[in-house]
Amino acid sequence: MLRTWTGTRRRNAVAAPGWLFLPAAVGVLVIGLPIAGLAATVPWDRFLRLISSPSSLTALRLSLQTAAAATVIVVVLGVPMAILLARSAGRWVRPVRAVVLVPLVLPPVVGGLALLYTFGRSGIAGERLQALGIDIAFSTTAVVLAQVFVSLPFLVLSLEGALRGMDTRYEAVASTLGARPGRVLRKITLPMVLPGLVSGVVLAFARSLGEFGATITFAGSLQGRTRTLPLEIYLQRVDDPDAAVALSMVLIVVAVVVVVAIHGRDAAGLARRRGLVRSRSREE
């Protein structure tokens, strides 16, 4: 059944079958109940004290520093990758995209093993790097590398989707007027896909902040050097369960903020596009 709403916001929408609400509600409960259960378990009267212990603050500081560094690297590497994947049509595009997106479906511990046997002391590249005095495994650098490995596909996927969905007529006009490809990229392409880029950056940072499996496999858990907040939670779950629950709540809050920020930006972008369509319709 087609329903139409009239008023300041006019749109057409197809009504969903009523029976869909039952499995949808169950799905919401499957995700929401564990989060609510964790929130109910947090000793809120001691929350600030639990998350401000020296080991917790050290782990949080290290997580923020490494996640920020990993995000910068992801942007430097991921933006060119996304642009080339979105704008190329060669036979190499599909296999390269498959390789780039593998970490999305790969168990993090497997990614950590892959990094260890590549950049570890006896790894393919690790032996050569060690001969040069560079030791990556079980260091802060290893944490950053593990975070880059798992978060890079998030930015590439988000930005590539935005590039494929944008209107390329503006770029074509700029090119016909003599603008160089680099200028077109800076002045037209990147500003038009900025919401997708920002979403990808935020997702990459959040994924880096929550990385556990690849980090503990490749970097270990050395306090002050490689023990990030997820590793601290894992260790505290035995020694101090209340602290583990409180720190887990910190990561949940960060995740909620990320989701709300991305959803709000997407909703704002959709509203702007609808407003543009309505203005064009009035002009016609």
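Heavy-atom basis, side chains included; hydrogens, waters and symmetry copies ignored.
Counting heavy atoms from C-beta outward, Ile124 and Tyr117 have side chains that stay 4.5 Å or more apart. Side-chain contact check for Leu104 versus Phe154: some heavy-atom pair is nearer than 4.5 Å. Within the 4.5 Å cutoff, the side chain of Phe149 has no heavy atoms near those of the Phe218 side chain. Here the side chains of Val150 and Ser208 are not in contact, with every heavy-atom distance at 4.5 Å or above. Two residues are said to be in side-chain contact when any heavy atoms from C-beta on lie closer than 4.5 Å; Asp135 and Leu129 fail this criterion. In this structure, Glu211 and Pro108 have side chains that are in contact, with non-hydrogen atoms separated by less than 4.5 Å. Looking only at side-chain heavy atoms (C-beta outward), Asp240 and Leu50 come within less than 4.5 Å of each other. Side chains of Leu247 and Glu232 form a contact here, defined as non-hydrogen atoms less than 4.5 Å apart.
When hydrophobic clusters are built by joining Ile, Leu, Val, Met, Phe, Trp and Tyr residues whose side-chain heavy atoms come closer than 4.5 Å, directly or via intermediates, Trp44 is grouped together with Ile51.
Electrostatic pairing of Arg87 and Glu160 does not count as a salt bridge here, judged by no charged N lying under 4.0 Å from a carboxylate O.
To the nearest 0.5 Å, atom NZ of residue Lys187 and atom OG1 of residue Thr189 are 12.5 Å apart. Between the CD1 atom in Ile188 and the OG1 atom in Thr168 there is a gap of 11.0 Å [rounded to 0.5 Å]. In this structure, CG in Leu190 is found 5.5 Å from CD1 in Ile83, a value given to the nearest 0.5 Å. The CD atom of Gln147 lies 6.5 Å from the OG1 atom of Thr228; values are rounded to the nearest 0.5 Å. With rounding to the nearest 0.5 angstrom, the CZ atom of Arg180 is 12.0 Å from the OG atom of Ser175.
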Can Leu209 and Leu229 be said to form a side chain to side chain contact (heavy atoms under 4.5 Å, CB included), step by step?
CA-CA 8 Å; Leu209 195 63; Leu229 193 57; 6.0 Å; no
Val93 and Arg97: CA distance, side-chain angles, deciding distance, side chain to side chain contact (heavy atoms under 4.5 Å, CB included) verdict
CA-CA 6 Å; Val93 173; Arg97 182 184 294 111; 3.4 Å; yes
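With sequence neighbours excluded, the residues forming a ring pair (Phe, Tyr, Trp, His ring centres under 6.0 Å) with Phe212 are Tyr234, listed by chain and number.
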